[in-house]
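Quantities reported herein were computed from a predicted structural model and do not represent experimental measurements. In the text below, chain A, chain B and the rest are named by the order of the sequence lines, each starting its count at 1.
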Amino acid sequence: MDPETPEQTPPEPPNLAWQRVLLARHPKRPHTLDYIERLITDFHEIHGDRLFADDAAIVCGIGFFESRPVMLVGEQKGRDTKDKLHRNFGMPKPEGYRKAIRVMQIAAKFGRPVITFLDTPGAYPGIDAEERGQAEAIARNLREMARLEIPVISICIGEGGSGGALALGVGNQVFMMENSVYSVISPESCAAIIWRDSAKAEQAAAALRLTAEDLLHLGLIDGVIPEPPGGAQENTDAAAELVRKKIRDSLEELGRLSGAELVEQRYKKFRRMGNFFTTHAGRTLVAGD
Amino acid sequence: MSWFKRENNPEKKAQKPEKGQRKVKTEGLWLKCEGCKEIIWKKDLEDSHNVCPKCGSHFRIDAVARLQLLLDGPYQQFDTDLASADPLEFVDQRSYRERLATAQEATSLADALISAAGTLEGRKVQICAMEPKFIGGSMGGVMGEKITRAIERSITTRQPLIIISASGGARMQEGAISLMQLAKISSALMHLDEARVPYISVLTDPTTGGVTASLAMLGDLNIAEPGALIGFAGPRVIEQTIRQKLPEGFQRSEFLLKHGMLDAIVPRLQLKSYISQALTFFSGPVQ
């Protein structure tokens, strides 16, 4: 693409990225518990970080996926107003991330795979979250997920809100639902910072390349899970079946690797991400310059 | 208190230029300290590594000055010409390529980080310093790769790793690529941890967003300069979320220390000896 010739571009195509943002946030879109209900039998939620509180924005629990024991960890948004407040709109606090890594380590101890669902506008930006070390909690999860000697499958089911989502997303295989988005910053915040106008969110959404195809193309995820026509909110059962198929295949594939191989495979995968470099002409670095 | 205060600093008097030329001559020679609001002579400030000689406020310094402050002498640089290829072809009001070119011109760096190896009080170390003047010290694919390579060099050479953070966080113009650098670096730090090679994270003004939520909080020791802004979310974002004014001193080093997020606050002029002693504790005396 030549940035010098904007006036020759044809009439603007519909902003598909923004449509995906709207679908990812659709009020009827299936959430973590909707998938757990359909895919997991004998699910028992386990609570608390043993340090401060139980964060309802992250649901953790044990259960069986097609009779295989698995640990589930997922961000949960609310459905009605009361539920939304209870779930803090799906924005976890440090105690949520600490609970998540605690249960993942239990799973690793007993050799059980972990399945994580990412769906958050972002980690909660509030005074209490900062006081209790939101950054430390996320950082620790990133490092400790890398150490897990078990299969970790991460699925972005709605909004992959930056570090708040990635803190559950260091998986051996990472998938995105067709209409989910995964971004370093929300389009609104990006627009507010770069364009100094949050109304430019639609433009920002396109510029950020946050759709499943974009991330697949950039080599940042391992696959895209298709959704029923019109989006997952149109048929939650059908969406869950498509997720089921992907989890089944992925567990099968990862099940062949040893603990050490899983750690190695996960590291190699993330190690390669974002290697789009050019050589800076060295103008700056020549001796005597 | 008297109404008028006589200026009796002899050094200042000596510097006082002739009337008439005054404006021209003082241009750029004097600075107002944001901390104590006093006027300070620029050379005094430079001599004290940009720490206000009057109140001890820490001014920001660039990556080169950082390395000069901490290392004994000349150092070897790595990946100096690694630059972003702008994979998203990101354009807002200006294109990312343009922003990169401007920053490269202004800082003489290819991206917002210098990665080097040198000696610190005689001990060989791997050291990375972020450059806050390069697009806010933001972290994209280049910084992620350079830091990861530094971590890997630390593992192979068993030389301690020091990373000095000064960054607004992940670089928006590289979208999810920037985000994934958090996972990439943190995974590499897991291997450094397993290898039991010391890593000291130094947080300076400002360290926020994705840099805090990954490498900056993962040191064996996390130490900060006084008064540095350190946090996950930026203060403005938090104010918008809670719709209240933030308390005084919120997200400053002292606040983080109080809440248990830092091992220590170390003034700039003591950083080198502090790190040296910590490394002696971890790895024993210099061979």
Nearest-0.5 Å distance that lies between atom [atom1] in [X] and atom [atom2] in [Y]:
{"X": "A:Ile127", "Y": "B:Gln244", "atom1": "CD1", "atom2": "CD", "result": "6.0 Å"}
{"X": "B:Ile185", "Y": "A:Leu142", "atom1": "CD1", "atom2": "CG", "result": "10.0 Å"}
{"X": "A:Ile185", "Y": "B:Met172", "atom1": "CD1", "atom2": "CE", "result": "5.0 Å"}
{"X": "B:Asp92", "Y": "A:Asp197", "atom1": "CG", "atom2": "CG", "result": "12.5 Å"}
{"X": "B:Leu182", "Y": "A:Met273", "atom1": "CG", "atom2": "CE", "result": "12.5 Å"}
{"X": "B:Thr148", "Y": "A:Tyr267", "atom1": "OG1", "atom2": "OH", "result": "6.0 Å"}

With a 4.5 angstrom heavy-atom cut-off, which part of [X] approaches chain B: side chain, backbone, both or neither?
{"X": "A:Ala123", "answer": "both"}
{"X": "A:Ser183", "answer": "backbone"}
{"X": "A:Leu166", "answer": "side chain"}
{"X": "A:Arg132", "answer": "backbone"}

Non-hydrogen side-chain atoms of B:Ser187 and A:Val170 separated by less than 4.5 Å: yes
Close side-chain approach of B:Gln173 to A:Ile194, heavy-atom, < 4.5 Å: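 The answer is yes, as the side chains (C-beta and beyond) meet within the 4.5 Å cut-off.
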Ring geometry between A:Trp195 and B:Phe90 (parallel below 30°, tilted from 30 to 60°, perpendicular above 60°): tilted
Closest approach of [X] to [Y] (non-hydrogen atoms, all atoms of both residues):
{"X": "B:Val91", "Y": "A:Ala207", "result": "O-CB, 4.3 Å"}
{"X": "B:Leu179", "Y": "A:Ser162", "result": "CD1-C, 3.6 Å"}
{"X": "A:Phe270", "Y": "B:Lys184", "result": "O-CD, 3.4 Å"}

Contacting moiety of B:Glu98, where chain A heavy atoms sit under 4.5 Å: neither
Heavy-atom proximity to chain A below 4.5 Å, by part of B:Ile242: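 Side chain of B:Ile242 only, per the 4.5 Å heavy-atom cut-off to chain A.
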Lys/Arg N to Asp/Glu carboxylate O, B:Asp193 vs A:Arg147, below 4.0 Å: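 Looking at A:Arg147 together with B:Asp193, the answer is yes, because their closest N to O distance falls below 4.0 Å.
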If we define contacts as heavy-atom pairs under 4.5 Å, which of [options] has the most with chain A?
{"options": "B:Glu152, B:Arg94, B:Gln181", "answer": "B:Glu152"}
{"options": "B:Glu239, B:Met190, B:Met217, B:Met261", "answer": "B:Met190"}
{"options": "B:Gly260, B:Pro247, B:Ala188, B:Gly231", "answer": "B:Ala188"}
{"options": "B:Leu82, B:Thr212, B:Leu218, B:Leu246", "answer": "B:Leu218"}
{"options": "B:Arg236, B:Arg171, B:Lys258, B:Met180", "answer": "B:Met180"}

Other residues, nucleotides and ligands only: do more than 12 of their heavy atoms fall within 6.0 Å of [atom1] on [X]?
{"X": "A:Lys200", "atom1": "NZ", "answer": "no"}
{"X": "B:Glu248", "atom1": "CD", "answer": "no"}
{"X": "A:Arg271", "atom1": "CZ", "answer": "yes"}

Identified side-chain contact (heavy atoms from CB on, under 4.5 Å) counterpart of B:Ile177 within the set A:Asn275, A:Leu220, A:Leu215: A:Leu220
Chi angles and distances behind the salt bridge (charged side-chain N to carboxylate O under 4.0 Å, His left out) call for B:Glu145, A:Arg272: CA-CA 9 Å; B:Glu145 179 66 17; A:Arg272 279 193 298 268; over 6 Å; no
For chain B, the option from A:Glu136, A:Lys269, A:Glu130 that forms the most heavy-atom pairs under 4.5 Å: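 The candidate making the most pairs under 4.5 Å is A:Glu130.
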Residues which pass ring pair (Phe, Tyr, Trp, His ring centres under 6.0 Å) with B:His259, listed by chain and number, not counting sequence neighbours: B:Phe255
